[in-house]
Amino acid sequence: MIKKTFQLSYTDKWDKRISWAIMWSFTAPTINWIIKTSFVISGGLWSLVSLITGASILLAWLLCLKEILRRSGKLLLISYAIFILLYTWSILLCTLREEGINLVIESARMTFLQYLPVGVYIVSVYNKKILYDTIIKYSNITFVLLLFRVLTNFGIIHSEKEAIEYSMSFGYIIILPTLLHLNEFYNTKKRLYLFLAILEIIAIIVWASRGVLLSLGAFFLYKTLVTNNNIISKILTITLIIIIGLIISIYGNQILINSINTLEKVGIESRTLNMIESNNIDNDSGRYNLFRISYDMITMKPLLGWGLGGECYQIAKEINQPIPDMGCTSHNGILQVMVQFGLIGGLIISLLVIIPIFGVNRIKNFYSKNIIEIYYCAYAIPALTISSGFFIQPAIAIFIFMFYFGNNLNNH
């Protein structure tokens with residue numbers, strides 16, 4: 001009996017290669033982070049690891065560049081031209097204020113080498129099912145990598161056990177696999193995805209930052225109350241939320257104390273649970289001060305703003321930080337772009353970031369719609385509220401470019 005073999009078409013082969021190039025740009029930094037936090041390495045090796053992972057991402061981009069130029073060459077050139085102008089203007093503004101430009105250059109590097117390639121490449125994938133399947137495979141790989149990272153803290157790599165600490169990086173890496181696995185459970189009802197999602201949610205509560213909980217909550221509410229057309233299901237969801245709320249109000253403190261004590265017995269300290277226990281979960285971690293500084297900066301330059309990446313120097317000065325860095329931002333995406341581009345420019349950009357979640361229902365392609373919803377909840381929700389970086393976070397480029405430039409969204 002002759003076995004029939006399925007062969008991908010030329011277009012699908014390139015779709016697969018481009019999809020993996022995109023996902024490698026997220027996998028490589030994860031591997032970089034895991035190596036540096038799991039092993040004791042010297043400063044020289046630290047730099048070498050960064051160099052190798054960065055070079056591998058660049059190589060992945062270059063291997064697909066010819067096909068990208070054929071598919072989306074115009075979009076690539078226009079995108080780079082726009083941001084070259086924006087960063088040139090930012091450098092000019094900093095020069096006029098007699099400030100440094102090193103952070104503007106650093107921001108530009110992240111935009112040109114990560115953000116824009118991801119956005120243009122994602123649009124260049126014609127068959128969105130191939131893209132979605134690749135993202136699912138990436139989420140499974142990431143789950144394994146993060147599982148390894150957690151296990152290293154229990155003596156597998158180190159000779160002595162170490163307490164697992166709070167990690168913002170861990171949270172923003174694990175949130176995408178979590179939402180993807182939840183989404184697959186919604187779509188397929190396969191219990192394996194629910195099991196993986198439950199493990200990831202526990203990991204988020206134990207080790208991740210509070211901001212990731214916003215993403216998780218937003219996705220749950222969106223999937224159960226907004227996209228769900230079943231009235232009975234909506235009523236059951238609302239009922240379940242009320243029941244959980246009642247249980248927490250009655251037994252919440254006991255559950256919390258028992259959870260903290262259980263984790264402490266195995267050497268785990270949850271920052272989030274401890275903050276809840278001490279009634280400190282709403283601690284702003286200095287964000288309100290940054291918000292106030294941002295308001296003042298917008299008032300000072302309401303028309304032209306401070307430039308893309310140029311706001312860091314003034315914010316560092318206001319918070320008495322001797323050496324400015326990329327963390328000297330508004331920590332609120334809407335405020336940040338208003339500081340960078342002025343009131344009108346910032347308002348327009350904010351609307352462009354917000355609109356996709358309200359317009360996603362017009363997209364007919366099932367896989368495109370799911371990708372936009374997942375990435376929006378995972379990364380736009382924190383960026384719009386307690387984080388920032390609309391133009392340096394590659395994950396945000398995914399839903400922005402797919403929504404506005406994916407002319408093939410209704411195809412394949």
Visitor: Can you pull the salt bridge (Lys or Arg N to Asp or Glu O under 4.0 Å) pairs that have at least one residue in residues 130-147, sequence neighbours excluded?
Guide: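 Pairs touching residues 130-147 that pass the test: K129-D133.
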Visitor: Kindly indicate whether the side chain of I386, heavy atoms from C-beta on, has any atom under 4.5 Å from the side chain of H331.
Guide: no
Visitor: Decide yes or no on side-chain contact (heavy atoms from CB on, under 4.5 Å) for I68 and I18, but give the supporting numbers first.
Guide: CA-CA 8 Å; I68 294 299; I18 295 170; 3.7 Å; yes
Visitor: Using the six-membered ring wherever Trp is involved, compare the ring planes of Y121 and W61 and label them parallel, tilted or perpendicular (cut-offs 30° and 60°).
Guide: perpendicular
Visitor: Can you tell me if Y10 has over 12 outside heavy atoms packed within less than 6.0 Å of its OH?
Guide: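 Enclosed.
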Visitor: Does the S139 side chain pair with the main chain of P177, one donor and one acceptor, at a distance under 3.5 Å?
Guide: no
Visitor: Could you go through the ring pair (Phe, Tyr, Trp, His ring centres under 6.0 Å) check for Y87 and F112 one step at a time?
Guide: CA-CA 11 Å; Y87 278 112; F112 293 139; 5.7 Å; yes
Visitor: Assess whether side-chain contact (heavy atoms from CB on, under 4.5 Å) is satisfied between M110 and Y115, documenting all intermediate values.
Guide: CA-CA 6 Å; M110 298 170 72; Y115 183 90; over 6 Å; no
Visitor: Check G346 against F341 and note the closest heavy-atom contact, atom names and distance.
Guide: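 Taking G346 first and F341 second, the nearest heavy atoms are N-CB, 4.0 Å.
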Visitor: Give me the ring orientation class for F143 and H181: parallel if the planes are under 30° apart, tilted from 30 to 60°, perpendicular past 60°.
Guide: perpendicular
Visitor: Would E184 and Y132 count as a side-chain contact (heavy atoms from CB on, under 4.5 Å) here? Give the steps.
Guide: CA-CA 11 Å; E184 280 300 280; Y132 184 82; 2.6 Å; yes
Visitor: Using modelled atom types and a 3.5 Å cut-off, is there a donor and acceptor pairing between side-chain atoms of Y404 and backbone atoms of L352?
Guide: yes
Visitor: State, to 0.1 Å, how close A28 and T53 come at their nearest heavy-atom pair, and which atoms those are.
Guide: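 Distance-wise, the nearest heavy atoms are O-CG2, 3.8 Å.
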Visitor: E373 and Y222: side-chain hydrogen bond (donor to acceptor under 3.5 Å, both in side chains), yes or no, with the steps?
Guide: CA-CA 9 Å; E373 290 170 346; Y222 183 80; 3.2 Å; yes
Visitor: With a 4.5 Å limit on heavy-atom distance, are the side chains of F401 and V118 in contact?
Guide: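 A side-chain contact is absent here, since even the closest heavy-atom pair is not under 4.5 Å.
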Visitor: Can you tell whether the side chains of K16 and D12 come within less than 4.0 Å, N to carboxylate O?
Guide: no
Visitor: Do the non-hydrogen side-chain atoms of L146 and W33 ever get within less than 4.5 Å of each other?
Guide: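 With C-beta onward as the side chain, the pair touches.
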Visitor: A side-chain contact here means heavy atoms from C-beta on lying under 4.5 Å apart; do Y367 and V125 qualify?
Guide: no
Visitor: For a side-chain hydrogen bond (donor to acceptor under 3.5 Å, both in side chains) check, start with the C-alpha distance between K369 and N365, then their side-chain angles and the critical distance, and finish with the verdict.
Guide: CA-CA 6 Å; K369 185 173 181 290; N365 184 283; over 6 Å; no
Visitor: Looking at CH2 of W20 and CD1 of I22, how far apart are the two atoms once the value is rounded to the nearest 0.5 Å?
Guide: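 Answer for the CH2-CD1 pair, W20 versus I22, is 11.5 Å.
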Visitor: Side chains of S72 and S124: does their closest heavy-atom pair fall under 4.5 Å?
Guide: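 With C-beta onward as the side chain, the pair touches.
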Visitor: For S330 and L290, which heavy atoms make the closest approach, and how far apart are they?
Guide: O-CB, 3.9 Å
Visitor: Determine which pairs satisfy side-chain hydrogen bond (donor to acceptor under 3.5 Å, both in side chains) with at least one residue from residues 339-359, sequence neighbours left out, and list them in order.
Guide: E311-Q340
Visitor: Using every non-hydrogen atom in the two residues, find where S388 and Q336 come nearest and quote the distance to one decimal.
Guide: CB-OE1, 3.1 Å
Visitor: Start with the C-alpha gap between I105 and I91, add the side-chain angles, then the distance that decides, and say whether side-chain contact (heavy atoms from CB on, under 4.5 Å) holds.
Guide: CA-CA 8 Å; I105 299 299; I91 290 173; 4.0 Å; yes
Visitor: Students often mix this up, so state it plainly: with edges at 30° and 60°, are the rings of F219 and Y186 parallel, tilted or perpendicular?
Guide: tilted
Visitor: Could you check F399 against F403 for ring pair (Phe, Tyr, Trp, His ring centres under 6.0 Å), going step by step and ending with a plain yes or no?
Guide: CA-CA 6 Å; F399 74 83; F403 184 81; 8.8 Å; no
Visitor: Answer yes or no: is there a side-chain heavy-atom contact under 4.5 Å between K223 and L182?
Guide: no
Visitor: Using side-chain heavy atoms (C-beta onward) and a distance below 4.5 Å, is Y138 in contact with L176?
Guide: yes
Visitor: Please check if atom CD1 in I344 has more than 12 non-hydrogen atoms from other residues, nucleotides or ligands closer than 6.0 Å.
Guide: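 No, not enclosed.
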Visitor: Taking atom NZ of K189 as the centre, report whether more than 12 heavy atoms of other residues, nucleotides or ligands fall under 6.0 Å from it.
Guide: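 More than 12 heavy atoms, drawn from other residues, nucleotides or ligands, come within 6.0 Å of this atom.
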Visitor: So do K128 and M402 actually touch side chain to side chain, heavy atoms under 4.5 Å?
Guide: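 M402 vs K128: side chains touch.
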Visitor: How long is the span from the CG atom in L147 to the OG1 atom in T142, to the nearest 0.5 Å?
Guide: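 Reported value, rounded in 0.5 Å steps: 12.0 Å.
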Visitor: So which pairs with a foot in residues 64-73 pass salt bridge (Lys or Arg N to Asp or Glu O under 4.0 Å), sequence neighbours left out?
Guide: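 Pairs touching residues 64-73 that pass the test: D15-R71, E67-R70, E67-R71.
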